[in-house]
Number of protein chains: 2
Amino acid sequence: MSTKNKILDAAESLFADKGFNGTSLREITSLAEVNLAAVNYHFGSKKELIKSVMSRYMDELAPNLVAALEDICDHPEQPTLIEVFSAFIEPLLSLNVFRQNGTSNFLQLLGRGYTDSQGFLRWFFTTQYPGVISNFVLAVQKSYPELTPEEIFWRLHFTMGTVVFAMSSSDALMDIAKNDFDKNLDIADVIQKVIPYVAAGVAAPINK
Amino acid sequence: MSTKNKILDAAESLFADKGFNGTSLREITSLAEVNLAAVNYHFGSKKELIKSVMSRYMDELAPNLVAALEDICDHPEQPTLIEVFSAFIEPLLSLNVFRQNGTSNFLQLLGRGYTDSQGFLRWFFTTQYPGVISNFVLAVQKSYPELTPEEIFWRLHFTMGTVVFAMSSSDALMDIAKNDFDKNLDIADVIQKVIPYVAAGVAAPINK
DNA sequence: CATGTTTTAAAACGCTTGTTTAAACTGACT
DNA sequence: AGTCAGTTTAAACAAGCGTTTTAAAACATG
């Protein structure tokens with residue numbers, strides 16, 4: 001495996017675990033078993049390394065996501081919100097074959113991107129991958145036309161928060177569930193649990 | 001105002017803005033206009049300062065929250081989930097008279113506590129303020145008895161995620177809402193928007 | 001006023017951070 | 001063999017970090 005990819009893999013798992021601020025280049029390079037200077041040689045800076053880690057996932061995920069959402073929009077009949085959200089399942093779970101723990105790593109990184117680094121990653125996503133968001137809004141609008149664009153805006157961000165947060169603590173939650181309820185769940189089960197929740201949330205009656 | 005309180009106030013707003021990891025003691029003391037060494041003199045360490053900032057809010061909030069939830073449990077008739085979640089509104093908004101921007105600062109800090117510092121604050125909350133969580137579970141169970149304890153567990157964590165995440169990026173979201181929809185919202189408006197969402201999410205039909 | 005304690009002040013501590021330098025190595029192509 | 005771009009290495013850099021030290025100032029108590 002190339003030095004570049006060793007760095008990306010090590011950075012990914014450390015970033016997901018401890019955040020961008022909380023991970024030093026020296027931790028990354030020693031986990032990757034490469035020289036410290038290799039990061040700046042191959043990526044230029046830590047900030048560019050962060051972007052590269054995220055791009056590797058987004059470039060894989062975005063086309064699948066857009067395609068799945070376009071399918072829903074092109075379909076003649078009106079979709080349910082459950083169907084809209086379910087469009088995310090297969091592309092997200094396919095990240096697990098793309099990379100070990102890909103799904104949960106990516107979702108954790110997504111959460112970090114929103115809270116760490118004062119939102120420079122939020123800018124990165126919305127400018128680099130606008131198609132995902134706009135197609136998602138279109139699909140929701142088709143499913144629930146009474147919802148105003150403003151209300152969609154808010155509820156989509158609430159949904160983003162729910163999913164990202166649930167997934168970033170999914171390891172801890174699955175452990176608790178195993179202890180308290182004797183249920184052995186995996187990331188796919190958690191996704192199945194969160195979909196009815198967010199679908200109902202987006203479909204909530206509008207508060208006057 | 002005392003040096004101690006000047007430090008607490010400065011730390012609070014910087015922590016909310018840039019996270020615990022992302023804020024240095026030098027930033028705090030220069031905003032507070034006190035000497036750098038004052039932090040370690042009054043608080044012992046940065047970690048203890050973080051705890052103090054959080055305790056100042058939790059000590060104010062927890063009794064009000066527990067009382068409001070106990071009211072609901074003691075009431076003879078069955079509450080709606082909207083009523084359960086609305087029990088949080090007044091205690092949360094009262095933080096605004098307790099301190100400027102108290103509500104949003106506190107909720108942002110809560111979000112930081114879950115994602116920064118690898119969950120040592122999560123331990124802090126659950127061990128120091130267990131009454132809030134248990135009373136919340138009781139109130140939800142009274143409102144929606146068909147929900148199994150396991151499903152309550154998952155949905156309460158989803159709710160936690162929604163609220164914490166929404167609030168920790170509420171500043172950015174309110175800015176976008178102002179630009180895109182020409183609406184000037186404050187933290188109380190965001191709370192009003194999130195309640196129907198989480199109430200509907202918790203009330204979602206159970207997936208078989 | 002004198003005393004002992006609490007609080008502030010400036011400076012330095014040792015350490016870690018991201019980044020840069022310059023030399024050494026690697027593997028092809030003429 | 002010799003050249004040369006591409007890559008890796010060890011070492012150092014300046015800057016920032018949390019914390020500690022030392023001494024002066026402020027304070028309250030007798």
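We name chains A, B, ... by the order of the sequence lines, and we start the count at 1 in each one.
- Among the heavy atoms of the strands, none lies under 4.0 Å from T29(A).
- Closest-nucleotide positions on DNA chain C for L36(B) and K4(B) were compared, and the one nearer the 5' end corresponds to K4(B).
- Relative to the side chain of N35(A), the nucleotides dC17(D), dG18(C), dT9(D) differ in distance, and dT9(D) lies closest.
- L61(B) pairs in a side chain to side chain contact (heavy atoms under 4.5 Å, CB included) with only one of the listed residues (Y129(B), F88(B), F106(B)), which is F106(B).
- If you measure from atom CD of E48(B) to atom C1' of dG18(D), you get 14 Å, rounded to the nearest angstrom.
- Applying the 3.5 Å distance criterion, the base of dG18(C) shares a donor-acceptor pair with the side chain of R26(A).
- In this entry the distance linking CG of N21(A) with P of dC17(D) reads 12 Å, nearest Å.
- Across all non-hydrogen atoms, the minimal contact from V34(A) to K6(A) is CG1-CE, 4.0 Å.
- Atom-to-atom, CG of L25(A) to C1' of dT20(C) comes out at 13 Å; the value is rounded to the nearest Å.
- Test N21(A), V53(A), N105(A) against F15(A) for side chain to side chain contact (heavy atoms under 4.5 Å, CB included) and you get one pass: V53(A).
- OP1 or OP2 of dT19(C) has at least one side-chain nitrogen or oxygen of N40(A) nearer than 4.0 Å.
- Contact check, H42(A) against dT8(D): a side-chain N or O comes under 4.0 Å of OP1 or OP2.
- The side chain of T3(B) sits closest to dT8(C) out of dT8(D), dT8(C), dC17(D).
- Summarising the geometry, the separation between NZ on K46(B) and P on dG16(D) is reported as 15 Å, rounded to the nearest angstrom.
- Of the candidates dA10(C), dT19(D), dT8(D), dA10(C) carries the atom nearest the A37(B) side chain, counting heavy atoms from C-beta on.
- Here the P atom of nucleotide dT17(C) and the CG atom of L14(A) are 12 Å apart, to the nearest Å.
- Atom OH of Y41(B) is separated from atom C1' of dA24(D) by 14 Å (rounded to the nearest Å).
- With I187(B) as the fixed residue, the side chain to side chain contact (heavy atoms under 4.5 Å, CB included) test singles out one of N101(B), N96(B), L92(B), L95(B): N96(B).
- An OP1 or OP2 oxygen of dT16(C) is reached within less than 4.0 angstrom by no side-chain nitrogen or oxygen of S24(A).
- Going from atom CD of E33(B) over to atom P of dT8(C) covers 14 Å, rounded to whole Å.
- Between the CD1 atom of I28(A) and the P atom of dG18(C) there is a distance of 8 Å, rounded to whole Å.
- Among the atoms of the strands shown, none is found under 4.0 Å from any heavy atom of S2(A).
- The residues E12(B) and R56(B) are annotated as salt-bridged, a charged nitrogen and a carboxylate oxygen being separated by less than 4.0 angstrom.
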